[in-house]
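As structure tokens, the structure follows; a few thoughts come after it.
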Amino acid sequence: MVLESIEASRSGTEFCAIRVMLDARDEAGVPYSTPELLDNVMTLLFAGHDTSATAMLCLLEEMRKHPEGVQALRAEQAAVIAEHGEELTPTALAAMPLAEGWVKESMRRTPVVPIVPRTAIQGFEVGGFWVRPGQPVVAGLRSTMQLDPRFEGSKPLAFCPERWMAPEASRDAAWMPFGGGPRLCLGNLLSMAELKIFLALLTRRYDVEFLDHAEAWHYIPLARPLRGMPIRLRPRHLTGKAPSA
């Protein structure tokens with residue numbers, strides 16, 4: 001299907017991501033080969049679509065487990081609407097610290113990409129083990145973020161969005177669902193905005209009924225519910241007044 005889309009874009013004029021890649025040239029003026037196009041399109045689908053969808057599922061799972069927190073999200077959205085109107089502008093998004101806390105805490109507990117594979121370019125010691133040059137290394141982001149000693153004393157395994165609203169909450173090295181350093185995910189700011197908008201629209205416009213209260217999850221290669229998380233949405237309309245239960 002991806003190859004068919006690439007071939008269709010070669011003969012078409014519609015502006016799209018594939019068209020941009022078809023028109024791109026490297027420093028020597030050479031275009032992408034078909035295998036390179038396939039690799040880049042699959043990367044976009046995985047890194048730009050599947051990851052965001054998975055993060056939304058993880059947020060839904062936290063809403064299922066913590067219905068009392070949904071009311072607090074609605075109260076925040078009512079305050080945002082009262083001050084900024086219903087349009088989700090950058091200023092409105094910046095006025096959602098609790099929604100941002102939900103996103104960060106959900107990603108801390110269940111990062112979309114739970115492990116990061118790397119290859120050691122030089123020998124080093126970690127945790128009493130010696131890693132040889134060229135040896136494969138896997139960093140477990142899920143366990144690292146859940147058990148980081150910087151969260152000791154604040155119930156590290158508990159779901160607590162409010163921990164990210166405290167002044168001392170900028171624990172950059174303890175929160176790394178987007179990776180870090182030169183390989184930091186390019187879409188991290190877009191993803192944070194998407195997920196806050198998702199929470200805002202969901203809590204403003206719908207009541208969510210979860211139809212499976214004991215669904216098992218797999219976490220490799222992406223976190224996902226095994227039965228697809230069936231839900232039922234009922235429309236509601238949130239105004240700038242205090243929300244009703």
Side-chain angles (χ1 to χ4, degrees), residues 45-46 49-81 88 93 96-115 140-148 151-152 154-165 169 174-178 191-239 241-245:
L45 289 173
F46 178 80
H49 181 274
D50 289 358
T51 50
S52 293
T54 297
M56 291 175 189
L57 282 172
C58 293
L59 280 169
L60 283 169
E61 176 68 356
E62 297 296 358
M63 291 176 71
R64 181 187 71 79
K65 292 179 178 178
H66 307 282
E68 72 288 347
V70 176
Q71 285 303 104
L73 283 171
R74 287 206 174 103
E76 179 178 74
Q77 290 305 310
V80 171
I81 292 171
L88 290 167
L93 289 177
M96 301 178 189
L98 182 59
E100 181 162 324
W102 268 70
V103 172
K104 286 189 170 183
E105 187 70 343
S106 177
M107 285 186 168
R108 184 186 73 86
R109 282 166 45 91
T110 311
V112 172
V113 179
I115 60 173
L141 297 186
R142 187 167 184 248
S143 57
T144 298
M145 287 192 288
Q146 287 186 357
L147 302 176
D148 191 290
F151 290 114
E152 288 180 1
S154 59
K155 298 181 179 179
L157 297 181
F159 179 75
C160 181
E162 292 79 9
R163 76 170 83 240
W164 298 104
M165 299 169 67
W175 188 78
M176 47 190 290
F178 296 107
S191 177
M192 289 296 297
E194 283 179 336
L195 295 171
K196 289 172 71 173
I197 290 170
F198 169 74
L199 272 182
L201 293 178
L202 188 65
T203 52
R204 290 180 185 190
R205 298 183 181 179
Y206 298 99
D207 288 317
V208 183
E209 179 185 357
F210 295 93
L211 305 180
D212 189 335
H213 292 276
E215 186 162 23
W217 281 63
H218 270 335
Y219 296 97
I220 304 293
L222 294 177
R224 66 193 187 282
L226 293 184
R227 292 187 289 275
M229 188 176 284
I231 62 174
R232 182 177 291 120
L233 298 178
R234 293 188 175 88
R236 66 178 293 144
H237 181 66
L238 185 67
T239 65
K241 301 177 182 179
S244 58

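The distance from the CG atom of Leu57 to the CE atom of Met229 is 5.5 Å, given to the nearest 0.5 Å. Rounded to the nearest 0.5 Å, atoms CG (Leu141) and CD (Gln146) are 11.0 Å apart. Distance check: Glu194 CD to Leu93 CG gives 11.5 Å after rounding to the nearest 0.5 Å. Note that NZ of Lys104 and NZ of Lys196 are 9.0 Å apart. Values are rounded to the nearest 0.5 Å. Atom CG of Leu222 and atom OG1 of Thr110 lie 12.5 Å apart (nearest 0.5 Å). One distance of note links CE of Met165 with SG of Cys160; it measures 10.0 Å at 0.5 Å rounding.
Tested against Arg204 for a side chain to side chain contact (heavy atoms under 4.5 Å, CB included), the candidates Leu73, Leu199, Leu88 yield a single pass: Leu88.
With contacts defined as side-chain heavy-atom distances shorter than 4.5 Å, the pair Pro114/Ile220 qualifies. Proximity of Glu61 to Phe210: side-chain heavy atoms (C-beta onward) are nowhere separated by under 4.5 Å. Looking at Met176 and Pro111, their side chains never come closer than 4.5 Å, going by heavy atoms from C-beta outward. Residues Leu202 and Leu233 form a side-chain contact, since some pair of their non-hydrogen atoms from C-beta on lies under 4.5 Å apart. Contact check for Glu162 versus Leu98: side-chain heavy atoms found under the 4.5 Å cut-off.
Closest non-hydrogen pair, Glu105 versus Ala158, comes out as OE2-O, 3.0 Å. Among all heavy-atom pairs drawn from Met107 and Ser191, the shortest one is CE-OG, 4.0 Å. Here the closest non-hydrogen pair linking Leu211 and Arg232 is CD2-NH1, 3.6 Å. Considering every non-hydrogen atom in both Gly140 and Ile115, the closest pair reads CA-CG2, 4.3 Å. Nearest heavy atoms, Met192 versus Val103: SD-CG1, 3.6 Å. Shortest non-hydrogen contact noted between Ala200 and Met96 is CB-CE, 4.1 Å.
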Check against side-chain contact (heavy atoms from CB on, under 4.5 Å), Phe198 and Leu60: CA-CA 10 Å; Phe198 169 74; Leu60 283 169; 4.2 Å; yes
Verdict with supporting geometry, Gln77 and Arg74, side-chain hydrogen bond (donor to acceptor under 3.5 Å, both in side chains): CA-CA 5 Å; Gln77 290 305 310; Arg74 287 206 174 103; over 6 Å; no
Criterion salt bridge (charged side-chain N to carboxylate O under 4.0 Å, His left out) on Arg64 and Glu215, from CA distance to verdict: CA-CA 11 Å; Arg64 181 187 71 79; Glu215 186 162 23; over 6 Å; no
CA sep, side-chain torsions, deciding dist, call: Arg224, Asp50, salt bridge (charged side-chain N to carboxylate O under 4.0 Å, His left out): CA-CA 10 Å; Arg224 66 193 187 282; Asp50 289 358; over 6 Å; no
side-chain hydrogen bond (donor to acceptor under 3.5 Å, both in side chains) assessment of Ser106 paired with Glu62: CA-CA 7 Å; Ser106 177; Glu62 297 296 358; 4.8 Å; no
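Within a 6.0 Å radius of CZ in Arg205, no more than 12 heavy atoms belonging to other residues, nucleotides or ligands are found. Heavy-atom neighbours of His218 NE2 from other residues, nucleotides or ligands within 6.0 Å: at or below the threshold of 12.
Side-chain atoms of Arg234 do not come within 3.5 Å of backbone N or O of Glu209 as any donor-acceptor pair. Side-chain atoms of Arg108 come within 3.5 Å of backbone N or O of Pro156 as a donor-acceptor pair.
Between Trp102 and Phe159, the ring planes are perpendicular. Angles over 60° get that label, and only those under 30° would be called parallel. Between Tyr219 and Trp217, the ring planes are parallel. Angles under 30° get that label, and only those over 60° would be called perpendicular.
If you check the side chains of Trp164 and Glu100, you find no donor sitting under 3.5 Å from an acceptor.
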